[in-house]
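Okay, so here's the structure we're looking at.
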Amino acid sequence: MFINKKIAFLGAGSMAEAMISGIINAEKVPPNHIFVSNRSNDKRLQQLTKTYEINAVTQDKLPFKDIDLIVLAMKPKDAAPALQSVKHVVQPNHLILSVLAGITTSFIEQYLPAGQQVIRVMPNTSSMIGESATAISAGTHTTQQNVTLTQKLLECIGTVYVIPEAQMDIFTGIAGSGPAYFYYLIEHMEKEGIKSGLAEDTTRQIIAQTIIGAAKMIQAQSETPAVLREKVTSPNGTTAAGLAALEQYGGGTAISQAIKQAANRSREMSTQFKVNASNFSRRNRLNIQKNRRD
């Protein structure tokens, strides 16, 4: 399905690029319908223009009246001033998608005109190759039509899950941070393969295919991961020896703690963002009062 919408990314970081790359590779949105901006890094904008042939401009030159979807993709610490700077140009027809980790739709809504439609989005970096696990949560005023539109757009970059916003932090801990866990696992498996004489490229491909195959087994069958693990583990065999080492050195506990701490960090970021935004608003009010006196 072709998505006949114009999209503006406010922020030009790695997640914005991953989404842009995935969307363009899926050929569902033409490059000339995609705009990306940041506040000052012209070199970064030029790089994105050259790579993807999209419209890369500074924020003050974005054609907001022609835009359908605005993607908030700046660093969370920059969100409050960014929202403050665009609230006067946001239109009722704009659908706001936020990829800001730890920042709730309700908090974004309070910065924007009453009734603004906001959807919180959490893709991961696998969106660059169309394999993201992406969660979306609708804000207070968002219509089902726009939830469906967002699903169809983001299916360009992988599989989309609609979840309650209260579950977004744990999704972040599992899927948002998840690719890094697998890269970490592959990194250490690769070291052992190379130590034993396997070529680096060969080792990496063997490990990647092993993980892909195991993941596809999960997707293709109804059996739980525990059952599948038991089926491939013969008593006193090689797999049993490897699993015993994982248990001995806390492998399962480490994985659980990684997910918990990533989710907790997402919640902490939400709290910190509220504090920073409150301080920003206070400074802004004081500056306005000072300018009036002057």
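Everything numeric in this text was worked out from a predicted model, so none of it was measured. The basis for the numbers below is simple: all heavy atoms, side chains too, and nothing from hydrogens, waters or symmetry mates. Positions are given from 1, in the same order as the sequence printed here.
- Heavy atoms of other residues, nucleotides or ligands lying less than 6.0 angstrom from CD of E187 number more than 12.
- With T172 contributing its side chain and M168 its backbone, the two residues share a donor-acceptor pair below 3.5 Å.
- In this structure, the separation between CZ on R229 and CG on L243 is 6.5 Å, given to the nearest 0.5 Å.
- Between E17 and R44 there is a salt bridge, since at least one side-chain N of the basic residue sits less than 4.0 Å from a carboxylate O of the acidic one.
- Put simply, V57 and L72 are part of the same group of oily side chains (I, L, V, M, F, W, Y) that touch within less than 4.5 Å, one to the next.
- Listed for the T142 side chain is no donor-acceptor partner under 3.5 Å among the backbone atoms of A138.
- A 4.5 Å side-chain heavy-atom check between V118 and L95 finds every atom pair outside the cut-off.
- Salt bridge present: E192 and K195 bring a charged side-chain N and a carboxylate O closer than 4.0 Å.
- A distance-only check finds a donor-acceptor pair linking the side chain of S137 to the backbone of I163 [under 3.5 Å].
- Here the straight-line distance linking atom CD of Q46 with atom OG1 of T51 works out to 11.5 Å at 0.5 Å rounding.
- Two residues are said to be in side-chain contact when any heavy atoms from C-beta on lie closer than 4.5 Å; V86 and Q59 meet this criterion.
- With hydrogens and angles disregarded, no donor-acceptor distance shorter than 3.5 Å links the side chain of S234 to the backbone of G237.
- No donor-acceptor pair closer than 3.5 Å links the side chain of N38 to the backbone N or O of G11.
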Exercise. Output, in order, the C-alpha distance, side-chain angles, deciding distance and verdict of side chain to side chain contact (heavy atoms under 4.5 Å, CB included) for D42 and T58.
Key: CA-CA 8 Å; D42 289 336; T58 54; 3.8 Å; yes

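- For CD of Q221, the number of neighbouring non-hydrogen atoms (other residues, nucleotides, ligands) closer than 6.0 Å is greater than 12.
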Self-check item: salt bridge (charged side-chain N to carboxylate O under 4.0 Å, His left out) assessment of E155 paired with K152
Solution: CA-CA 5 Å; E155 282 169 358; K152 290 186 181 301; 5.5 Å; no

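- Going from atom CD of E268 over to atom CD of Q261 covers 9.0 Å, rounded to the nearest 0.5 Å.
- Both Y52 and F9 sit in one connected hydrophobic cluster of ILVMFWY residues. Membership requires side-chain heavy atoms under 4.5 Å apart, directly or through other members.
- The same ILVMFWY cluster, assembled from side-chain heavy atoms under 4.5 Å apart, contains both V162 and L69.
- With hydrogens and angles ignored, the 3.5 Å screen pairs no side-chain donor or acceptor of S177 with any backbone N or O of G173.
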Quiz item: Does the pair V90 and Q116 meet the rule for a side chain to side chain contact (heavy atoms under 4.5 Å, CB included), with working shown?
Solution: CA-CA 9 Å; V90 169; Q116 196 73 48; 3.0 Å; yes

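- Both L185 and I207 belong to a common hydrophobic cluster when Ile, Leu, Val, Met, Phe, Trp and Tyr are linked at side-chain heavy-atom distances under 4.5 angstrom.
- For the pair I157/P123, a side-chain contact is recorded, criterion being any heavy-atom separation below 4.5 Å from C-beta on.
- In the hydrophobic clustering of this structure, L100 does not group with M122; members are Ile, Leu, Val, Met, Phe, Trp, Tyr whose side-chain heavy atoms approach within less than 4.5 Å, directly or through other members.
- Within the hydrophobic cluster formed by Ile, Leu, Val, Met, Phe, Trp and Tyr side chains joined at under 4.5 Å, directly or through other members, I259 is accompanied by I170, I174, Y181, I255.
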Practice problem: Carefully, step by step, assess V29 and I24 under the rule side chain to side chain contact (heavy atoms under 4.5 Å, CB included). | Solution: CA-CA 6 Å; V29 177; I24 289 176; over 6 Å; no

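- With E190 contributing its side chain and T203 its backbone, the two residues share no donor-acceptor pair below 3.5 Å.
- Using a 4.5 Å heavy-atom threshold, the side chains of E223 and K231 count as touching.
- Under the 3.5 Å distance criterion, the side-chain polar atoms of H94 are matched with a main-chain donor or acceptor of I67.
- Atom CD1 of I54 is separated from atom CG of L45 by 8.5 Å, given to the nearest 0.5 angstrom.
- Side chains of E165 and T104: no donor on one and acceptor on the other come within 3.5 Å.
- Nearest heavy-atom pair, Q151 versus V160, reported as atom, atom and distance to 0.1 Å: O-CG2, 3.8 Å.
- Among residues two or more places apart in sequence or in another chain, the side-chain hydrogen bond (donor to acceptor under 3.5 Å, both in side chains) test is passed with Q91 by none.
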Exercise. Evaluate side chain to side chain contact (heavy atoms under 4.5 Å, CB included) for I212 paired with K216, printing each intermediate quantity in order.
Key: CA-CA 6 Å; I212 290 169; K216 286 185 175 180; 3.9 Å; yes

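- Interatomic distance, CE of M74 versus OG of S98, reported as 8.0 Å (0.5 Å rounding).
- Summarising the geometry, atom OG1 belonging to T143 is positioned 4.0 Å from atom CG belonging to N146; distances are rounded to the nearest 0.5 Å.
- Counting only heavy atoms from C-beta outward, the side chains of K65 and V89 never approach each other to under 4.5 Å.
- Screening L97, L154, T105 for a side-chain contact (heavy atoms from CB on, under 4.5 Å) involving I119 leaves a single residue, L97.
- Here the shortest heavy-atom pairing between I23 and C156 reads CA-CB, 4.3 Å.
- N264 contributes a side-chain N or O that, together with a main-chain N or O of K260, makes up a donor-acceptor pair within less than 3.5 Å.
- Heavy-atom minimum distance, Y111 versus A80: OH-CB, 3.8 Å.
- Contact check for V99 versus M19: side-chain heavy atoms found under the 4.5 Å cut-off.
- At distances below 3.5 Å, at least one donor-acceptor pair connects side-chain atoms of S127 with backbone N or O atoms of N124.
- The shortest heavy-atom contact between G102 and R120 is N-NH2, 3.3 Å.
- Heavy atoms of other residues, nucleotides or ligands lying less than 6.0 angstrom from CD of Q110 number more than 12.
- Side-chain contact between I7 and H33 is absent, with no heavy-atom pair separated by less than 4.5 Å.
- Residues T134 and V121 meet the side-chain proximity criterion, which asks for heavy atoms closer than 4.5 Å.
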